[in-house]
Amino acid sequence: MPDVMSSSRLIGVGVGPGDPELVTVKGVNALRAADVVVVPVMDTGERGRAEATVLHYVPQEKIVRVVFALNERSDHGRREAAWDAAGERVAQLLAAHPSVAFATIGDPNVYSTFTYLAHTIGALVPGVVVETVPGITAMQDLAARSGAVLTEGTEPLTLVPVTAGSAVLKDALSGPGTVVAYKFGRQAAEVAEALRETGRLDDAVWGSALGLEAESIRSAAELDGAPLPYLSTLIAPARRDGSRGGKL
């Protein structure tokens with residue numbers, strides 16, 4: 001591995017859930033200022049949301065596609081190998097360029113591939129400066145598009161990846177406050193059942209492909225158990241009595 005100057009910078013840039021208009025001004029500036037912009041792709045080679053969004057702001061020739069095992073959860077060895085290979089590729093880019101941006105959907109500090117990349121690069125490239133630019137999250141976008149209020153007054157907000165198991169979601173739904181579930185598409189039936197059992201079904205809303213042509217936003221009461229897109233998002237608002245400022 002070539003030596004990398006300590007001034008090299010790796011910037012994780014959140015580019016939002018899919019709608020290119022939701023990339024922040026700071027995010028656009030970071031993408032344009034970087035020497036190269038890395039976008040994660042699956043080994044199938046298909047264009048992901050991050051790449052599609054970035055192409056609205058930087059030319060194709062500035063983009064470097066790096067394969068990550070984004071959909072690999074069962075084969076730990078294959079996932080680790082993919083992360084290592086991706087880290088080596090980005091380390092090579094840092095050796096050749098002072099500034100490398102990594103575009104990630106949503107926010108780089110919320111369930112992001114960038115977390116694993118930064119950890120890998122920290123070991124491969126001593127002295128590299130790692131920065132992040134926050135991005136709009138899917139729960140914020142879904143709240144805006146559906147009219148669901150995420151929090152009021154003293155209500156807590158719980159974010160649960162359903163890939164951790166539907167039991168984790170059920171525990172959260174049994175508590176107070178609003179519950180947001182990420183990545184629940186393949187377990188839609190279990191999610192619907194958890195909502196019914198906890199009395200949270202009627203007020204909940206789910207959405208997928210937010211800001212894209214295939215966007216779907218519907219009441220959770222319409223969940224019929226059929227699988228949904230993997231990156232579906234659910235909001236189950238807190239139980240409220242309808243009074244203004246009731247939980248202040």
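Fair warning: this is a prediction, and the values are worked out from it, not measured in the lab. The chain is numbered in sequence order, starting from 1.
Here the side chains of Tyr57 and Val37 are not in contact, with every heavy-atom distance at 4.5 Å or above. Annotation: side chain of Val23 is not in contact with side chain of His56 (no heavy-atom distance under 4.5 Å). By the 4.5 Å heavy-atom criterion applied to side chains, Val162 and Glu190 are not counted as neighbours. For the pair Leu212/Arg49, a side-chain contact is recorded, criterion being any heavy-atom separation below 4.5 Å from C-beta on. Using a 4.5 Å cut-off on side-chain heavy atoms (C-beta onward), Ile217 and Leu142 make contact. By the 4.5 Å heavy-atom criterion applied to side chains, Val66 and Phe102 are not counted as neighbours.
Atoms CG and CG, from Leu157 and Leu150 in turn, are 6.0 Å apart once rounded to the nearest 0.5 Å. To the nearest 0.5 angstrom, Lys170 atom NZ is 11.0 Å from Leu195 atom CG. One finds the CZ atom of Arg9 at 11.0 Å from the CG atom of Leu94 (value rounded to the nearest 0.5 Å). Going from atom NZ of Lys183 over to atom OH of Tyr230 covers 4.5 Å, rounded to the nearest 0.5 Å. Atom OH of Tyr182 is separated from atom CG of Leu159 by 5.5 Å, given to the nearest 0.5 angstrom. To the nearest 0.5 angstrom, Glu88 atom CD is 9.5 Å from Thr120 atom OG1.
Without hydrogens or angle criteria, Thr233 side chain to Gly207 main chain gives no donor-acceptor distance under 3.5 Å. Under the 3.5 Å distance criterion, the side-chain polar atoms of Glu215 are matched with a main-chain donor or acceptor of Gly211. Not a single donor-acceptor pair under 3.5 Å links the side chain of Thr53 to the backbone N or O of Pro20.
Closest of all the heavy-atom pairs between Ser99 and Ala34 is OG-CA, 3.7 Å. Shortest non-hydrogen contact noted between Ala143 and Ile235 is N-CD1, 3.7 Å. Between Pro229 and Ser208 the shortest heavy-atom distance is CG-OG, 3.8 Å. The minimum heavy-atom distance linking Thr137 with Pro17 is given by the pair O-CG, 4.3 Å. The nearest pair of heavy atoms linking Ala220 to Leu201 is O-CD1, 3.5 Å. When all heavy atoms of Arg47 and Gln60 are compared, the pair lying nearest together is NH2-OE1, 3.7 Å.
When each of Ile105, Thr104, Asn109 is checked for a side chain to side chain contact (heavy atoms under 4.5 Å, CB included) with Asp107, only Asn109 meets the rule.
Hydrophobic clustering, with ILVMFWY side chains joined whenever heavy atoms are under 4.5 angstrom apart, groups Phe184 together with Leu169. Taken together through direct or relayed side-chain contacts under 4.5 Å among Ile, Leu, Val, Met, Phe, Trp and Tyr, Phe68 and Val100 form part of one hydrophobic cluster. In terms of hydrophobic clustering, with Ile, Leu, Val, Met, Phe, Trp and Tyr side chains grouped at heavy-atom distances under 4.5 Å, Val64 and Val128 are assigned to a common cluster. Cluster membership check: Val38 does not share its hydrophobic cluster with Ile63, using side-chain heavy-atom separations under 4.5 Å among Ile, Leu, Val, Met, Phe, Trp and Tyr. Cluster membership for Met139 and Val149, using ILVMFWY side-chain heavy atoms within less than 4.5 angstrom, is not shared.
Under 3.5 Å, the side chains of Ser219 and Glu222 contain no donor-acceptor pair of N or O atoms.
Listed by first and then second residue, the salt bridge (Lys or Arg N to Asp or Glu O under 4.0 Å) pairs involving residues 20-38 amount to none (not counting sequence neighbours).
A 6.0 Å sphere centred on OH of Tyr111 holds more than 12 heavy atoms belonging to other residues, nucleotides or ligands.
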Margin query: Assess the residue pair Asp19 and Arg145 against the criterion (side chain to side chain contact (heavy atoms under 4.5 Å, CB included)); give the C-alpha distance rounded to whole Å, side-chain angles, the decisive distance to 0.1 Å, and a yes or no.
Written below: CA-CA 12 Å; Asp19 183 347; Arg145 294 176 187 276; 3.0 Å; yes

Next item on the list: Mind running side chain to side chain contact (heavy atoms under 4.5 Å, CB included) on Asn29 and Val133 for me, showing each step along the way?
Entry: CA-CA 10 Å; Asn29 289 340; Val133 177; over 6 Å; no

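Applying the side chain to side chain donor-acceptor pair (under 3.5 Å) rule to Thr198 yields no partners; only residues at least two apart in sequence or on another chain are considered.
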